[in-house]
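Whatever order the structure lists ligands and atoms in, that order sets their numbers, starting from 1. Positions are given from 1 along the sequence.
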Amino acid sequence: KRHKFWETQPVGQFKDVGDTSLPEGPIEPPTPLSEVKQEPYNLPSQYEWTTCDMDSEETCIEVYNLLKNNYVEDDENMFRFNYSKEFLSWALRPPGYYKSWHIGVRAKTSKKLVAFITGIPARIRVRDEVVKMAEINFLCVHKKLRSKRLAPVMIKEVTRRVHLENIWQAAYTAGVVLPTPISTCQYWHRSLNPKKLIDVGFSRLGPRMTMSRTIKLYKLPDQPVTPGFRKMELRDVPAVTRLLRQYLSQFVVSPDFDENDVEHWLLPTEDVVDSYLVESPKTHDITDFCSFYTLPSSILGNQNYSILKAAYSYYNVSTKTPLLQLMNDALIVAKKKDFDVFNALDVMHNESFLKELKFGPGDGQLHYYLYNYRTRNALRASELGLVLL
Ligand SMILES: COc1cccc(CC(=N)NC(=O)c2cccnc2OC2CCNCC2)c1
């Protein structure tokens, strides 16, 4: 398939797949900052660049509404991600973030926000190399402006602004195949509210299954079963950081989190991210950790419901409690918090619990990409220790 834009970019090209003579690492060297384009790329004349100040409630609302009405839908166009304002503010303002990487496009006359793309700084380890990268996310062009080739110029502009901060690599995911995935994951769903999921068309009643039998199949205990299972608190940040760094070191690609990162990304934030840990009642050591983020979806065209409450598996660490039991406790607390479904990718060790905890395979895949960084070969999903929002 012709990728007119991506064939011009420093990314693994399909023609190079399998060429083991190409070394793992950056594809192009950094450019001297004086040679980085100083002015923004040209937009079609009726549009202008804008930097979205996510500290401003008004701008957060504009970004929220653009994504709510124009961001990613499932393959059957029945659901659309509905990231909350609080989630977006959290997702875009981690330690060391750059306002200039929160990029919008406005119509010059109406000043309406019609497109968006973001980057946040992250230290990502690839095997033994820790690389400063930008995590690119929330690329969204208004439905009425599709096929105007706006996406390539937005990608070039965020790349330019990342280069200005002397960062030369990026990480991103997409539901579509572009040159060239470093890994491809399968997503899985665990029903928590099967009646609603069937009513809205997210799930279908199994063959030879009644509704009451289905409700019973997915029933969960009222409380977690693991002794010492509790919400994470600020005082746990040092221990959770140690536990997580040790656990993530086994994967080929993973974030290189420090305590500031852990405090931002994993301390519970209502309606944004939930995290729990197991504190051994005997030794008071922190032995296990699980977390999930809140990403509702709008339900497009259902009489009874308008929002699907979905939890997305984030980072989980098991050293004493079996991962199966830890994740079942995560399902129990997610159900208690009234989530309808718990989603997970088959990354890290997730494959070991998906089927047993009654996850069903989703109807799509999520591809992971690195910009200006070649990996020796494609990775198995289980070699990925990176979860993007
Ligand atoms: C249920 O509502 C949906 C609304 C829009 C799209 C999809 C399907 C889909 N594309 N799902 C995922 O990409 C996905 C499935 C499981 C776990 N994480 C995921 O994506 C995350 C990570 C990438 N950025 C979006 C959220 C579902």
Side-chain angles (χ1 to χ4, degrees), residues 63-64 66-84 87-88 90-92 116-120 122 134-140 143 170-178 181-194 196-204 253 255 265 272-273 290-302 305-316 327 330-331 334 339-348 350-351 353-354 357 359-370 381 384-389:
V63 169
Y64 168 74
L66 175 73
L67 295 177
K68 177 182 187 303
N69 297 318
N70 300 281
Y71 199 44
V72 178
E73 297 173 6
D74 69 304
D75 288 349
E76 291 168 59
N77 306 101
M78 294 172 65
F79 308 98
R80 186 183 307 129
F81 287 138
N82 184 348
Y83 288 87
S84 74
F87 189 105
L88 292 167
W90 167 74
L92 296 177
F116 189 60
I117 188 167
T118 67
I120 54 168
E135 283 179 8
I136 304 302
N137 207 341
F138 306 113
L139 170 56
C140 178
K143 283 173 178 274
Y172 50 103
T173 60
V176 292
V177 178
L178 305 166
I182 62 158
S183 187
T184 293
C185 313
Q186 176 70 42
Y187 41 84
W188 293 70
H189 314 288
R190 205 287 184 182
S191 296
L192 300 175
N193 183 353
K196 174 175 176 180
L197 294 182
I198 289 165
D199 188 349
V200 305
F202 183 88
S203 313
R204 283 187 296 281
V253 175
W265 292 121
V272 170
V273 60
C290 63
S291 58
F292 50 88
Y293 61 85
T294 298
L295 170 49
S297 279
S298 301
I299 302 170
L300 310 174
N302 179 276
Y305 299 98
S306 61
I307 294 288
L308 183 70
K309 263 203 83 176
Y312 285 73
S313 179
Y314 200 28
Y315 290 98
N316 307 302
M327 292 311 294
L331 294 175
F339 283 97
D340 298 319
V341 64
F342 192 102
N343 296 321
L345 297 166
D346 58 357
V347 298
M348 294 182 269
N350 292 356
E351 177 122 43
F353 62 76
L354 291 167
L357 292 185
F359 284 74
D363 59 6
Q365 296 180 311
L366 191 68
H367 308 278
Y368 276 69
Y369 300 93
L370 291 180
L384 272 183
L386 178 64
V387 177
L388 297 188
L389 301 172

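- Looking at Leu389 next to ligand 1, an N or O pair under 3.5 Å apart turns up.
- Of the inter-residue distances, the one linking Phe116 atom CZ with Leu92 atom CG reads 5.5 Å to the nearest 0.5 angstrom.
- Scanning the protein heavy atoms around atom 27 (C) of ligand 1, the nearest turns out to be Asp74 CB, 4.0 Å.
- For the pair Asp74 (side chain) and Phe79 (backbone), a donor-acceptor distance under 3.5 Å is present.
- For atom 23 (C) of ligand 1, the closest heavy atom belonging to the protein is Thr173 OG1, 3.6 Å.
- Taking distance alone, with nitrogen or oxygen atoms compared against 3.5 Å, Tyr312 stays at or beyond that limit from ligand 1.
- Within the structure, the closest approach of Tyr83 to ligand 1 falls below 4.0 Å when heavy atoms are considered.
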Let me have the donor-acceptor pairs involving side chains of residues 196-204, under 3.5 Å, with sequence neighbours excluded, atom names and distances please.
unit_1 : atom_1 : unit_2 : atom_2 : d
Lys196 : NZ     : Ile307 : O      : 2.7
Lys196 : NZ     : Asp340 : OD2    : 2.7
Asp199 : OD2    : Asn304 : ND2    : 3.0

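- Considering only non-hydrogen protein atoms, atom 4 (C) of ligand 1 sits nearest to Ser297 OG, 3.5 Å.
- In this structure, Phe202 has a heavy atom closer than 4.0 Å to ligand 1.
- Counting protein heavy atoms only, atom 13 (O) of ligand 1 is closest to Leu366 CD1, 3.8 Å.
- For Tyr71 (side chain) and Asn82 (main-chain N/O), no donor-acceptor pair under 3.5 Å exists by modelled atom type.
- Every atom of ligand 1 with a heavy atom of Glu73 under 4.0 Å away is listed here by number and element: 5 (C), 6 (C).
- At least one heavy atom of Tyr293 lies less than 4.0 angstrom from ligand 1.
- To the nearest 0.5 Å, the span separating CG on Leu139 from OG1 on Thr118 amounts to 9.0 Å.
- When atom types are taken as modelled, the side chain of Gln186 and the backbone of Gly362 share a donor-acceptor pair closer than 3.5 angstrom.
- Those atoms of ligand 1 that come under 4.0 Å of a heavy atom in Leu388, given as number and element, are 22 (C).
- In this structure a side-chain-to-backbone donor-acceptor pair under 3.5 Å is missing from Arg190 to Leu331.
- Contact annotation for Asp75 and ligand 1: no heavy atom of the residue comes within less than 4.0 Å of the ligand.
- Ile117 places none of its side-chain heavy atoms less than 4.5 Å from the side chain of Phe138.
- Applying the ring pair (Phe, Tyr, Trp, His ring centres under 6.0 Å) test between Tyr293 and each of Trp90, Tyr315, Phe339, Tyr314 identifies Tyr314 as the sole match.
- The shortest contact between atom 15 (C) of ligand 1 and any protein heavy atom is with Tyr187 CG, 3.3 Å.
- Which parts of ligand 1 touch Leu295 is read off a 4.0 Å heavy-atom cut-off, strictly below it: atoms 26 (C).
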